[in-house]
Protein chains: 2
Amino acid sequence: MKTIRDVAKIAGVSPATVSRVLNNKGYVSEEKKNRIEKVIREVGFEPNQVARGLAKKTSKTIALLVSDITNPFFPELAKGAEHIAHSNGFSLLLENTKGVDQEGTDYIKLLKNKYIDGVIVATHDIDKYLLETNTGIPMVVLEMENGIENTCTIKVDNFHGAMLATQHLLDVGCKKIAHIYGPLYDQTAYERLQGYQQAIRMHDDLSEITVAGDFTIEGGQSAVSQILKDYPDVDGLFAGNDLMAVGVIKELSRLKIRVPEDIAVCGFDGIYLTRIFSPEITTIEQPIYEMGELAAEKLIERINNPYINQEIIELKTKLVVRESTSKSLM
Amino acid sequence: MKTIRDVAKIAGVSPATVSRVLNNKGYVSEEKKNRIEKVIREVGFEPNQVARGLAKKTSKTIALLVSDITNPFFPELAKGAEHIAHSNGFSLLLENTKGVDQEGTDYIKLLKNKYIDGVIVATHDIDKYLLETNTGIPMVVLEMENGIENTCTIKVDNFHGAMLATQHLLDVGCKKIAHIYGPLYDQTAYERLQGYQQAIRMHDDLSEITVAGDFTIEGGQSAVSQILKDYPDVDGLFAGNDLMAVGVIKELSRLKIRVPEDIAVCGFDGIYLTRIFSPEITTIEQPIYEMGELAAEKLIERINNPYINQEIIELKTKLVVRESTSKSLM
DNA sequence: TTTATTTCTAAAACCGGTTTCATATACTAA
DNA sequence: TTAGTATATGAAACCGGTTTTAGAAATAAA
């Protein structure tokens, strides 16, 4: 591997001049510039990122913190983020936070002493700590409370989406609609619950039926029996996320209850699974891949300019009607 | 942030001595060692990985090259690899190779100039190039031809697994079994095809029915009509991977053909999806998470000792019987 | 013509670690 | 007692870039 000093020697200049050419910064005569670029090409010189990193306190690397990459929401997000990261010359570090390090101090250390340039936080396992002990590292946070000082928060209009879902169930003729909500420390779960309640309250003849879930397939499954015990006549179920919707449908199928003929089911998120499941699942779709891209874009923006103020971006969700709510499609 | 020179000054020693304590290497008196460790604790000193990396030509980072992280096989693999990486103090860089850089030269550059310590290759998009231009970086390869010089190859017994799958379909009463194979440049696809053929040939009254697929859901879907056109009386389908099995079942369901009553379906891989799909899908299960862990373990072994010879590890698959092949379970 | 100002370049210092080298002291073995 | 080895430590060089400093040459302004 050639170094900048090798290049300098061959081109008959000083390393400093080569560095100026490399970074396109400072005065360099056209003549030397051409000579240096020629040498760089000829010897196939590539600046060593680690050395460069040490000098510039940067690593051209961003970290993506997810709670669990096997949750199908995250691979799509990761792919979007990775796409933008790569096309801007950054690498993507993947970190699963679930169950590993409750405090997040390890992550902070990691970020600092590897000069990680920025972080996309898509987990609830560690945020407060990151926030408190703030590393000063640019951050983009997904679906977080009301935003964090000096960071970019990207979220979707959960409230509106949940209203859409509930209204859609009404539109397809449901008379008694229950909602399975996720853990309420998760802002998304809370907002979706609120949206459901708002939609129900708009109709005098309807009453709320809510039961707690945990955003997992198993959670969806067990919520079903709980609901059916108290309300055997429900005909619509709005699950707080797609994984629970899958669990719901599995459980209904086990109980020989037909979807959507007996009970219509709507999820939330728009993970790929909803498209391939049988029946295909109606859901409120978030632009997950695009969120990943946007998160990376906003993060890189902040890396290049650390003095951007707090920013909250709310993306639109949309209703995607599939078999699980529409008898005609079956 | 404190540096090693700060620590040295406070402890009244030279940076070299602090470095010796940090790396537990070379002679240091007990007395100074204690003093230095006390100072390190008190000032909360953490060695800067980038500086250390530059000096030692290492980054405590490994890269995972997958073709597409949204393919559900890979998140499980990634999680396993990340688990082991973390518990050994390594970070995991994620790279999607699909469609990005046909030659792989970018990856080689990246690996070299970021001092990436090792690579897990789980993609067919770039391997030969990596192999040729070999970077000298320790590698673990998943499911690759017959192993690559100086690397560790981890694979499963595809041949045997495919025989198991075929035999299982026979056992549940299938008389006419077709196989949808994946792209044959993929060694796994080839071996599975061979296993299927071997199992069929063991029975005089059976004949092979094979059709090409591409390891995607859509591939599975389109293969179905192709098979049914020529062989309307097939009663067993062995898909070369789970994604195709999902496609197959979706298509059969669309055609109102019952699974498993009319046609039994078996997949291969054991991705999580097979457990949650309806009907649940019988498959030949690979220990995906464990493969991720093993790959990381073997890689780190090679990072710590670069002179380990070529190694080929073959893991066992096992048949997991679920609804898609067993009427009694429905 | 003289003084500023801009352009250009190399030497040296720096980023924050590790490692080699040289030297000094304490122990062993001959 | 002397040579040889193990222990202990700091100064300096190094990893491979960037950046500051300082000075030279060219150009512009007074």
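So that the names make sense, note that chain A is the first sequence line, chain B the second, and so on, each numbered from 1. Values below: all heavy atoms of this structure, side chains included; hydrogens, waters and symmetry mates excluded.
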What's A:Val28 touching, base or sugar-phosphate or nothing? Going by heavy atoms closer than 4.0 Å.
sugar-phosphate
With sugar-phosphate meaning primed atoms plus P, OP1 and OP2, does B:Val13 contact a base, only sugar-phosphate, or nothing at under 4.0 Å between heavy atoms?
sugar-phosphate
Ring geometry between B:Tyr289 and B:His83 (parallel below 30°, tilted from 30 to 60°, perpendicular above 60°):
parallel
Between A:Pro183 and A:Ala189, what is the shortest heavy-atom contact and its length?
O-CB, 3.3 Å
Assuming nearest nucleotide by heavy-atom distance, tell me which of B:Ala55 and B:Gly26 is located more 5' along DNA chain D.
B:Gly26
Interatomic distance, B:Leu54 CG vs C:dC14 C1' [rounded to whole Å]
12 Å
Give the rounded distance in Å between these two atoms: NZ of B:Lys9 and P of D:dT9.
20 Å
N/O (side chain, B:Lys32) to phosphate O (OP1/OP2, D:dG10) under 4.0 Å
yes
In whole angstrom, give the distance that lies between atom CD1 of A:Ile40 and atom C1' of D:dG17.
13 Å
Using OP1 and OP2 only, check whether a side-chain N or O of B:Ser29 sits under 4.0 Å from D:dT7.
no
Rounded off to whole Å, could you give me the CG-to-P distance for the A:Asn23 and C:dC8 pair?
17 Å
For B:Asp6 and C:dG16, what is the distance between atoms CG and P respectively, to the nearest whole Å?
9 Å
Pick the nucleotide of DNA chain D nearest each of B:Thr17 and A:Arg20; which residue has the one closer to the 5' end?
B:Thr17
Of all the choices, C:dT19, D:dG16, C:dA10, which nucleotide is nearest to the side chain of B:Lys56 once you look at every atom?
C:dT19
For atom NZ of A:Lys57 and atom P of C:dC15, their distance in whole Å
7 Å
Donor-acceptor pair under 3.5 Å, B:Arg5 side chain vs C:dG17 base
yes
Along DNA chain C (nearest heavy atom to each residue), the more 5'-positioned of A:Glu31 and B:Pro15:
A:Glu31
Please tell me which of the listed nucleotides, C:dT18, D:dG17, C:dA10, lies nearest to the side chain of B:Leu22?
C:dT18
Would you indicate what B:Ser19 reaches in the nucleic acid, counting non-hydrogen atoms under 4.0 angstrom: base, sugar-phosphate, or nothing?
base
Would you mind classifying the nucleic acid contact of B:Thr3 as base, sugar-phosphate or nothing, using non-hydrogen atoms under 4.0 angstrom?
sugar-phosphate
For A:Ile36 and C:dT9, give me the distance from atom CD1 to atom P, rounded to whole Å.
8 Å
SG (B:Cys152) and CG (B:Leu294) are apart, to the nearest 0.5 Å, by 6.5 Å
Remember a base hit wins even if backbone is also touched, and classify B:Lys2 as base, sugar-phosphate or nothing at under 4.0 Å, heavy atoms.
sugar-phosphate
Taking all atoms of both residues into account, what is the closest heavy-atom pair of B:Asp186 and B:Phe215, and its distance?
OD2-CE1, 3.5 Å
Please report, rounded to the nearest Å, how far the C1' atom of D:dC14 is from the CE atom of A:Met1.
19 Å
Would you check if the side chain of B:Thr58 reaches a backbone N or O of B:Gly53 as a donor-acceptor pair within less than 3.5 Å?
no
Between B:Tyr27 and D:dT7, does any side-chain N or O lie under 4.0 Å from OP1 or OP2?
yes
Check: B:Thr61 main-chain N/O paired with B:Asp117 side-chain donor or acceptor under 3.5 Å
yes
Would you say A:Lys25 reaches D:dT19's phosphate, i.e. side-chain N/O to OP1/OP2 under 4.0 Å?
yes
